[in-house]
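Since the structure comes first, as structure tokens, the remarks are kept for the end.
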There are 2 protein chains.
Amino acid sequence: MTGIKEVAARAGVSVGTASRALSGNGSVAAGTRQRVLTAAQQLNFVRSYNASSLVTGRSRIIGVIVPSVDRWYFAKVVAGIAEELITVGYDLALYNIFGDRDNQDAVLEDFLMRQRLDAVVPVSLELKPEELTRMLSIRRPVVGIGGPMPGVPTIGMDHFAAGSLATAHLLGLGHERIAHVSGGIDPYRDFKLTDQRQAGFENEMKRAGASVRPEWIIASDFTLQDAYNKARSLLAMPERPTAVFAASDEMAIGVILAARDLGLQVPHDLSVVGIDGHELGETFGLTTIQQFPRQQGQQAARKLLQKLAKKTVPFAEGNETGGNDMPTTGESLPPDSLHELLDTKFVVRNSTAVPRSRARDLERQ
Amino acid sequence: MTGIKEVAARAGVSVGTASRALSGNGSVAAGTRQRVLTAAQQLNFVRSYNASSLVTGRSRIIGVIVPSVDRWYFAKVVAGIAEELITVGYDLALYNIFGDRDNQDAVLEDFLMRQRLDAVVPVSLELKPEELTRMLSIRRPVVGIGGPMPGVPTIGMDHFAAGSLATAHLLGLGHERIAHVSGGIDPYRDFKLTDQRQAGFENEMKRAGASVRPEWIIASDFTLQDAYNKARSLLAMPERPTAVFAASDEMAIGVILAARDLGLQVPHDLSVVGIDGHELGETFGLTTIQQFPRQQGQQAARKLLQKLAKKTVPFAEGNETGGNDMPTTGESLPPDSLHELLDTKFVVRNSTAVPRSRARDLERQ
DNA sequence: TAGGACTATAGAAACGTTTACAATGACGTG
DNA sequence: CACGTCATTGTAAACGTTTCTATAGTCCTA
């Protein structure tokens, strides 16, 4: 194993000088640096990250905690973070929680504490206050993705606004009997996003004077399959909605498939809106509110790297500068400069239309 | 920062003893161990992984290299590996190549060399011989997932057998005009799996005396969207196949959707088979050959951990013992004990049936 | 009871870097 | 010309563990 000692020896300098030449810290005469560099190259020297981590206290590893990498959203987020980190030579340590609280606790205890992470990106993690405290106690920068976390900068989208927008779109087309498929069961039970999207829906309905029927609020789990099954039941009822707002594209497509299998025509018999911007939506012509998880990941990573750059690593930040010019879509969330909302894009395709009854009325005129 | 020194002091022992008590290596009196343990707990001690990595030479980090985490197969594989590693306290460093050769090179150079990985899992990586040599030169265990790699143990499925099986199923139903949608374009151009699945198809067709029409071999990219588009062209032709074997479920579903949109009935006008076991397949009633990427990941991880357990880390292994009782589905690959083939499961649902013409014949009898 | 085989412990030397400190010399300024 | 400043370098002390070596004690057996 060829270490920095050998390099120094070959270049005829001390290890200190060699280290300075190699790392770029401290001043080294141009000629000397060159000699060290070529010596290193000739010896095929690679610096031991362990050793330098030990003394510098920074590992160049960033932890990413996700509920489940194999879900569309999380996979994209991880890809975004990875994309950003790879360019600057940081490693990405992935912790997959599987929506399991025990796992989550284990991860928080076992890994975050092992001083080996320079920073952490919790994504869509619903932490209890004491867990949050624990996470912050490692005194490393934390940038979350998903919902806001007290005292932690986060990147996300405006769920309430998205719910409102989707609903307003349907109402605007003339729909009054609108169902909502939410993602609130099992592993995602206490995800705030579910409540917020639903709140946006209900709020908009109320504003328009449309009634929200409890039996038309369907709790699903973000999977196409489950939404399909539940939509079949819903749409088979004697009285059915003319439109469905699903809290995710996958669920929306489940609804579309269920409708098709029941012989209903989308959008004429049933309009469907989703949220996400899932690739599947293109093929199905799904009207949706696109978010950009990959960019959320990138943005979080950039924010983190920026924090890492200024060596000062505060425990928890009261308030941040320079975060106030962000696009705060709608007035749904209190202006919290810690929680950065990324823009979404409303994409109207042909899964939504004027309801059949209304269309007849219009023709008649 | 409370280190092992403080713990030792509080327990009234030397650091050596404290280390032995905490790590479980070497002998420590039961009472002493207990005292050390409680001291550690009281001081909230957490061992510095950097320091111990430095001296032991093992980092407890395993690198996983995937083309793109946000693809179904890779996400599942990563989840499987993560699941296995989390239980034994290993960290997972994720390298997302994005199907980009430059990135791939950068990763190989920058990361594998940084002695910080205890082992590497390349998944579906097509390496040039010199790259393979380089990867093995880090003298750490390597277990691949996907195709076989010379000198490296790998986990995968039998692509040729799957191609044969899918085709035989269609032929068995009476189909003769069968098209194949393969996954051979752009980022996946030189994936061996594409060729093998196609070879299985062609071989089986030949055996049955059915003709393989070049214009019915469609190169796609594993995405639903692209397969949908290409299938629309294919199925709109005056003469069209009665069945399609797609090299992945996502593409198969793209074909089904295209057929539906053209007014064709699946399975009566068109039978479709896929490969994968994608969850979407359930909703579409897709006949498919299931593979289990998550289990492939787990298996690879287990194999790796096992290698890691016996400290001896060979450079490259000529041959392995204990790997010969594996399920070698079909006679498609030379029996190579390094390449472990995991079982697949043929799931017949209702996207395949006797072709309409044949059905009429049968009725007539 | 003497000797050997263990067990439990302390002490100190690694592991491979970075960096604080000190020393040297060159250069510019009053 | 003397002195301060600055750039360059060497030396050695960290960083926080693990593990090797040595020593003292304990127990068993011949």
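Convention: sequence-line order gives letters A, B, ...; per-chain numbering from 1.
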### Task
Look at A:Arg33 and D:dT8 and indicate whether a side-chain polar atom (N or O) is within less than 4.0 Å of OP1 or OP2.
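For D:dT8, neither OP1 nor OP2 has a side-chain N or O of A:Arg33 closer than 4.0 Å.
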Whole-Å gap separating [atom2] ([N]) and [atom1] ([X]):
X: A:Lys5; N: C:dT18; atom1: NZ; atom2: P; answer: 13 Å
X: A:Ile4; N: C:dG16; atom1: CD1; atom2: P; answer: 12 Å
X: B:Arg58; N: D:dT19; atom1: CZ; atom2: P; answer: 11 Å
X: B:Leu54; N: C:dA13; atom1: CG; atom2: C1'; answer: 13 Å
X: A:Arg60; N: C:dT17; atom1: CZ; atom2: P; answer: 16 Å
X: A:Asn50; N: D:dT17; atom1: CG; atom2: P; answer: 14 Å
X: B:Arg35; N: C:dT9; atom1: CZ; atom2: C1'; answer: 11 Å
X: A:Phe45; N: C:dG16; atom1: CZ; atom2: P; answer: 10 Å

#### Entry: Heavy-atom side-chain proximity of A:Ile155 to A:Arg302 below 4.5 angstrom
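A side-chain contact under 4.5 Å is absent here.
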### Message
Counting C-beta onward and ignoring hydrogens, is there a side-chain heavy-atom pair between A:Glu83 and B:Asn96 closer than 4.5 Å?
### Response
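No - every pair of side-chain heavy atoms lies 4.5 Å or more apart.
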### Task
Using a heavy-atom cut-off of under 4.0 Å over every strand shown, decide if A:Thr32 touches base, sugar-phosphate, or nothing.
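Contact class for A:Thr32: sugar-phosphate only.
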Counting only N and O atoms by type, is there a donor-acceptor contact under 3.5 Å from the side chain of [X] to the main-chain atoms of [Y]?
X: A:Thr2; Y: A:Phe45; answer: no
X: A:Arg140; Y: A:Ile62; answer: no
X: A:Glu6; Y: A:Leu43; answer: no

### Task
Please work out which residues in residues 12-29 of chain B have a non-hydrogen atom less than 4.0 Å from an atom of DNA chain C and list them by number.
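Close to the strand are B:Gly12, B:Val13, B:Ser14, B:Thr17, B:Arg20, B:Ser27, B:Val28, B:Ala29.
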### Query
Under 6.0 Å from the CD atom of A:Gln41, do we count more than 12 heavy atoms belonging to anything else shown?
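Incorrect, the count does not exceed 12.
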